[in-house]
Each structure stands twice: as structure tokens, then as C-alpha cells.
Amino acid sequence: MKRFHQHTGLALVLLAASGALGAAEILNRNITEAEITAAQDGWGKALVQISDDYRSGGIEKAKATASAVLDSAYGYADGPVLFKPTLASGEQTFRLTKAGALAYFVGHDPAYPADTGFALKNWKSYRYENAAVYINGNMGLTMGTVHLIDRDNKEVDVDKTWGFRKGDDGKVRIVLHHSSLPYSH
């Protein structure tokens, strides 16, 4: 009897694998390198757009754009985002809320008096070079250098680590953003 059940179980597994029992629904929320690249490209384009909107429409237009970017590109709606901006220090080094990130990008928030608006610095283009990309399931991490060029053709290099998560809605959002200026001695 035991031998019969072993063979029956094996036959069912083989039938299921062959599709004879019907197609199984497969849910795959794994993030891809192409989705990570698109998210990085989107971040750079958004930074330039915030800068352009500030030049053409002032702080209110820049703030509206930056807020929309934070809503769509970052995972604040799902919980804290681990955000360490390039030029932040002291008690406001780490920004776990959308308000903290918005202040960093566009300034003009009395709760963050040191913030002058990183995204308002007249950026015209960007490029990035990933040192590595690590993907595991619905999470992807990148580390590398972002090169930002302003309208005077001055380049600023920023070391950046990003963490991306693909949510239940299929959208990729930033859940970790750490940047710093390269060490020089």
C-alpha cells in the first residue's frame, strides 16, 4: 500500500508539471534590472524637472513637482523611507518622512532651517555609474556615483546607494536613498 501512494504522488506531480491538471497561476513580483534602471533614470529626470520648474515657475511650482515625485518615486505611503541626503547633518541627517525629504529637495521649510533646496541648484543633466546592482526578489540595491551637471557646466559627483522595492501594485519605489560627497583627503 505504501508503494502505491508513493507512485500515485509522483504521478500527480508529473501530471501537474506537464500541465495536464490545468495551468497554475503564477505571481511573480521580482524586480528586474531594467526596472531599477528605469527608476534611476526617472529620479535623475525628476531632479532636473524640479530645477527647471523652479526657474520657470518659482518655489510653489518646484514644491508641487517635488511632492508629486516623492509620492510616485518613493515608498513613503508604505512606511518610512531610509533617506540620508547628501548635505544634511546633526539631528536632521536622516529623513524618514516625506516632509523631511521635501524640505531637502526644495527648502523653504522652517522645520528644516539648514535646507536650501538641493533640487533647486540649476541642474541641467545627470548620469550615473553603478558600481554594483544587487537583486533579491522584490528588492534591488544599487551603489555607485551620480554625476550632476548644472547650467554653468559645473559637475558635482555624489556617491549614492539606493534601495528599490517592487510593491504589490507592481510599481518600483525607492525605500533607501543614501548619498554623500566622495571622500577627499
Side-chain angles (χ1 to χ4, degrees), residues 31 33-56 58-59 61-63 65-70 72-76 79-136 139-165 172-185:
I31 196 168
E33 188 173 1
E35 289 171 318
I36 291 170
T37 298
Q40 287 179 299
D41 287 341
W43 183 90
K45 289 175 186 171
L47 184 72
V48 171
Q49 186 64 55
I50 295 165
S51 183
D52 287 348
D53 286 354
Y54 179 63
R55 274 193 356 275
S56 69
I59 188 59
K61 188 173 182 182
K63 235 183 225 189
T65 301
S67 181
V69 166
L70 289 168
S72 65
Y74 286 77
Y76 286 106
V81 171
L82 309 177
F83 182 45
K84 191 280 180 196
T86 311
L87 303 173
S89 63
E91 291 180 17
Q92 296 186 329
T93 297
F94 304 106
R95 310 290 176 90
L96 305 180
T97 66
K98 178 185 170 186
L102 183 62
Y104 181 74
F105 282 119
V106 297
H108 297 83
D109 184 336
Y112 296 89
D115 289 352
T116 59
F118 184 78
L120 308 181
K121 298 195 181 300
N122 220 11
W123 304 119
K124 75 171 183 179
S125 65
Y126 73 96
R127 70 183 195 290
Y128 58 88
E129 298 172 55
N130 288 326
V133 176
Y134 174 87
I135 296 173
N136 187 346
M139 296 285 300
L141 304 171
T142 66
M143 184 178 354
T145 303
V146 173
H147 308 276
L148 301 165
I149 297 93
D150 69 14
R151 296 207 173 272
D152 296 325
N153 289 319
K154 181 181 174 195
E155 184 171 315
V156 176
D157 296 335
V158 178
D159 293 337
K160 192 165 294 287
T161 301
W162 271 309
F164 300 95
R165 180 179 175 273
V172 173
R173 291 186 179 85
I174 299 166
V175 295
L176 165 70
H177 173 151
H178 180 281
S179 55
S180 58
L181 295 173
Y183 176 74
S184 64
H185 39 342

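Heads up: numbering here begins at 1 and tracks the sequence.
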Taking side-chain hydrogen bond (donor to acceptor under 3.5 Å, both in side chains) as the definition, give me every residue that meets it alongside E91, ordered by chain and number, with sequence neighbours left out.
none

Please identify each residue that fulfils side-chain contact (heavy atoms from CB on, under 4.5 Å) with Q92, with sequence neighbours left out.
R95, Y112, P113

Could you pull out all residues at least two apart from Y104 that satisfy ring-ring contact (aromatic ring centres under 6.0 Å, His included)?
F118

Residues which pass side-chain contact (heavy atoms from CB on, under 4.5 Å) with V81, listed by chain and number, not counting sequence neighbours:
Y74, Y76, F83

Could you work out, with side-chain contact (heavy atoms from CB on, under 4.5 Å) as the rule, every residue matching S125, not counting sequence neighbours?
I149

Checking S179 now: which residues fulfil side-chain hydrogen bond (donor to acceptor under 3.5 Å, both in side chains) with it, not counting sequence neighbours?
T86, K160

Scan residues 79-89 for pairs that pass salt bridge (Lys or Arg N to Asp or Glu O under 4.0 Å), counting only residues two or more places apart or in two chains.
none

Residues forming a side-chain contact (heavy atoms from CB on, under 4.5 Å) with L141, sequence neighbours excluded
Y134, L176

By ring-ring contact (aromatic ring centres under 6.0 Å, His included) - contacts of W43 (at least two apart)
W162, H177

Non-neighbouring partners of N130 that pass side-chain hydrogen bond (donor to acceptor under 3.5 Å, both in side chains), sequence neighbours left out:
Q40

With sequence neighbours excluded, residues passing ring-ring contact (aromatic ring centres under 6.0 Å, His included) with Y126:
none

Only counting residues at least two apart or in another chain, list the ones meeting salt bridge (Lys or Arg N to Asp or Glu O under 4.0 Å) with E155.
R127

